[in-house]
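First comes the structure, then the notes that go with it.
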Amino acid sequence: MKHYCKYHPGTEALWYCSHDGLHLCQQCVESREYSLTEARCLLCNQELQSTAQGQGGPLWRQLDRYLRYPFAPLLLPVLLVWALLAALVPPLPVLVPVALLGGLPAWGFGRAVMALRSHPGKARKIAVPGWDCLSDMAGWRAALLQALPALMVMVPAGFMLVWVSVSAGLLIGALGLFLVPAFWLAIQVQGAQPGSFAAALTYIFSAPRDYLVAGLLASVGWLLGVALVAVAVDVMPLSLAQGVAGALAALWWLALACLCGDILVRHGRLWGLDQGVRKASAPLEERRQWVQLCAGRFDKVLLSTGKSLTHKGATVADWQRYDRLLEITGREDERRSQAPAYLEKMVLASAWSEALVLLSREREITPGWLPASPSLRLALARGIHEQAPKMAVALLKDLHDRYPDFSELGDAYLLLAKILAEQFGLAGKAEQYLRFVESQCRDAKLRKQVADYRAAWG
């Protein structure tokens with residue numbers, strides 16, 4: 001049964017949450033919604049698991065792809081180099097190290113293939129690493145350490161097969177090579193250090209099904225390779241048979257590296273491998289809310305957003321998001337009740353354009369609506385009087401009737417008089433408010449402002 005991504009229909013899922021059925025493709029994991037450093041579902045906080053459908057299906061169904069991979073045009077010379085050098089070296093045991101020199105490009109490319117395929121973003125852009133990968137001196141340390149366990153099995157098994165017993169050599173090679181992919185994975189995950197080999201068993205038991213495919217490819221590849229070489233020795237000159245052995249070794253090496261790279265894609269995140277995926281830049285809570293919105297869980301988003309508004313760090317954007325959610329869910333009564341607090345936040349943030357939009361919206365729903373707080377009215381009028389003088393006048397007029405004890409009544413009416421005189425040309429109407437301030441307020445600064453305004457408008 002195939003699983004498809006919830007957010008990208010038609011794309012097979014790579015990760016899924018067994019608790020709520022959420023399925024995600026690689027595009028989701030690399031986007032702003034998820035981060036590979038977080039192995040948990042953003043809906044229910046359960047651990048995400050790898051699907052069998054990720055990366056094209058079960059690994060055993062892709063064996064033909066792994067065996068075709070070394071025949072890519074860029075990799076064919078790697079096979080030919082090992083085959084040519086193996087064919088030219090006389091068949092003497094002491095010259096085995098010379099024949100192995102032909103495998104150096106295969107070792108380097110094997111390491112590069114695993115590193116490339118373990119980074120999904122890079123692997124989609126570049127299918128095969130270029131020859132410049134052999135110039136990476138730091139990568140050669142990992143390549144040689146990966147080659148070490150394979151050679152420690154293949155060389156003794158080969159000697160055993162030729163000089164002691166065919167069955168014993170085949171058995172030792174098959175059993176030893178079954179463990180080689182674990183050592184290769186350990187070097188890629190833990191780093192190019194000999195001590196990384198100690199973690200090899202971890203990768204066998206943490207991904208048993210996928211590892212079984214890799215282990216069998218390593219073991220069966222050895223057995224089939226030996227069988228083909230034995231046939232070649234009987235039907236062609238020895239030098240050509242040696243060339244076939246070199247080519248088969250390179251083919252085996254690169255195919256196994258490709259398969260191990262796909263194992264790293266599937267399980268590397270849980271093993272702590274840095275897969276080079278772009279880290280999510282948005283905060284965790286914001287990404288969780290985004291995913292909850294996609295899943296239609298508006299109540300959860302409303303609850304978490306409402307709680308965030310009580311914090312001192314709440315921003316205008318948080319209030320806008322909450323207001324939008326209330327609108328989407330049809331909670332108009334609650335939306336209107338939040339308007340005064342929303343306006344206060346906009347005043348603190350000097351978001352005057354947004355405040356004016358909210359005022360206009362509320363007055364369309366309830367004609368004549370204004371904030372109940374006189375201090376909020378004054379603060380809003382100060383911020384919007386230049387771009388919306390009519391609204392500022394509506395906010396300030398008749399304050400002495402509604403709020404006779406308002407401590408800043410004089411400042412409010414001075415501002416109202418200034419708007420009437422300078423923006424509407426109503427100096428006579430402005431004079432009425434100046435007289436009110438002059439008669440009702442004893443503050444010397446306010447009286448001086450009254451005199452200054454009269455002098456300026458006289």
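What you see is a predicted model; the values in this text were computed from it and never measured. One-based numbering along the sequence shown.
Residues meeting the salt bridge (charged side-chain N to carboxylate O under 4.0 Å, His left out) test with Arg324, sequence neighbours left out: Glu327.
Ile187 places a side-chain heavy atom less than 4.5 Å from the side chain of Phe197. Residues Val244 and Met236 form a side-chain contact, since some pair of their non-hydrogen atoms from C-beta on lies under 4.5 Å apart. By the 4.5 Å heavy-atom criterion applied to side chains, Leu177 and Val180 are counted as neighbours. Trp131 places none of its side-chain heavy atoms less than 4.5 Å from the side chain of Pro129. Looking only at side-chain heavy atoms (C-beta outward), Gln242 and Leu238 come within less than 4.5 Å of each other. Residues Trp352 and Val347 are in side-chain contact: their nearest non-hydrogen atoms beyond the backbone lie under 4.5 Å apart. Taking the side chain as every heavy atom from C-beta outward, Met391 and Leu380 never approach each other to under 4.5 Å. Using a 4.5 Å heavy-atom cutoff, the side chains of Leu254 and Leu79 are in contact.
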Would you sort out whether Leu212 and Phe178 count as a side-chain contact (heavy atoms from CB on, under 4.5 Å), showing the intermediate values? CA-CA 9 Å; Leu212 181 62; Phe178 184 84; 4.2 Å; yes

After noting the C-alpha distance and the side-chain angles of Trp140 and Leu104, does the key distance pass the side-chain contact (heavy atoms from CB on, under 4.5 Å) rule? CA-CA 9 Å; Trp140 272 109; Leu104 287 176; 4.2 Å; yes

For Leu179 and Ile204: C-alpha separation, side-chain torsions, deciding distance, then whether side-chain contact (heavy atoms from CB on, under 4.5 Å) applies. CA-CA 8 Å; Leu179 301 176; Ile204 297 177; 3.9 Å; yes

Run the side-chain contact (heavy atoms from CB on, under 4.5 Å) test on Arg382 and Asp411 for me, step by step, so that the C-alpha distance in whole Å, both residues' side-chain angles and the decisive distance to 0.1 Å come before the verdict. CA-CA 10 Å; Arg382 284 171 173 164; Asp411 295 296; 3.7 Å; yes

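Shown here for Val316 and Ala349, the closest heavy-atom pair between the two residues is CG2-CB, 3.4 Å. Of all heavy-atom pairs between Ala182 and Ala200, the closest is CB-O, 3.4 Å. When all heavy atoms of Ala392 and Ile419 are compared, the pair lying nearest together is CB-CD1, 3.7 Å. Residue Gly173 comes nearest to Trp222 through the heavy atom pair CA-NE1, 3.6 Å, listed as atom of the first residue, atom of the second, then distance. When all heavy atoms are compared, the tightest approach of Arg141 to Ala192 is NE-O, 2.7 Å. Here the closest heavy-atom approach between residue Ala157 and residue Ile172 is recorded as CB-CG2, 4.4 Å.
Annotation: the span from Leu67 atom CG to Cys258 atom SG amounts to 9.5 Å, rounded to 0.5 Å. Here CG of Leu415 is found 11.5 Å from CD of Glu408. Values are rounded to the nearest 0.5 Å. With rounding to the nearest 0.5 angstrom, the CG atom of Leu217 is 9.5 Å from the CG atom of Leu224. Considering CH2 of Trp60 and CG of Leu216, their distance stands at 13.0 Å, rounded to 0.5 Å. In this structure, CG in Leu359 is found 12.0 Å from CD in Glu354, a value given to the nearest 0.5 Å. Note that CG of Leu59 is 4.0 Å distant from CG of Asp210, once rounded to the nearest 0.5 Å.
Below 30°, between 30° and 60°, or above 60°: for Trp184 and Trp253 the angle between ring planes is between 30° and 60°, a tilted geometry.
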Report all side-chain donor-acceptor pairs from residues 336-343 shorter than 3.5 Å, counting only partners two or more places apart or in another chain.
| from | atom 1 | to | atom 2 | distance (Å) |
| --- | --- | --- | --- | --- |
| Arg336 | NH2 | Asp333 | OD1 | 2.8 |
| Ser337 | OG | Glu334 | O | 2.7 |

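Counting only distance, with no hydrogens or angles, the side chain of Thr366 and the backbone of Arg363 share no donor-acceptor pair below 3.5 Å. Using modelled atom types, one side-chain atom of Ser165 and one backbone atom of Ala168 make a donor-acceptor pair closer than 3.5 Å.
Ion pairing between a basic and an acidic side chain is recognised when a charged N comes within 4.0 Å of a carboxylate O; Arg266 and Asp262 show no such pairing. Note on Arg361 versus Asp323: salt bridge recorded, some NZ/NE/NH1/NH2 to OD/OE distance being below 4.0 Å.
Looking only at atom types and distance, the side chain of Arg111 has no donor-acceptor partner in the side chain of Gln188 under 3.5 Å away.
The distance between the ring centers of Phe183 and Tyr203 does not fall below 6.0 angstrom.
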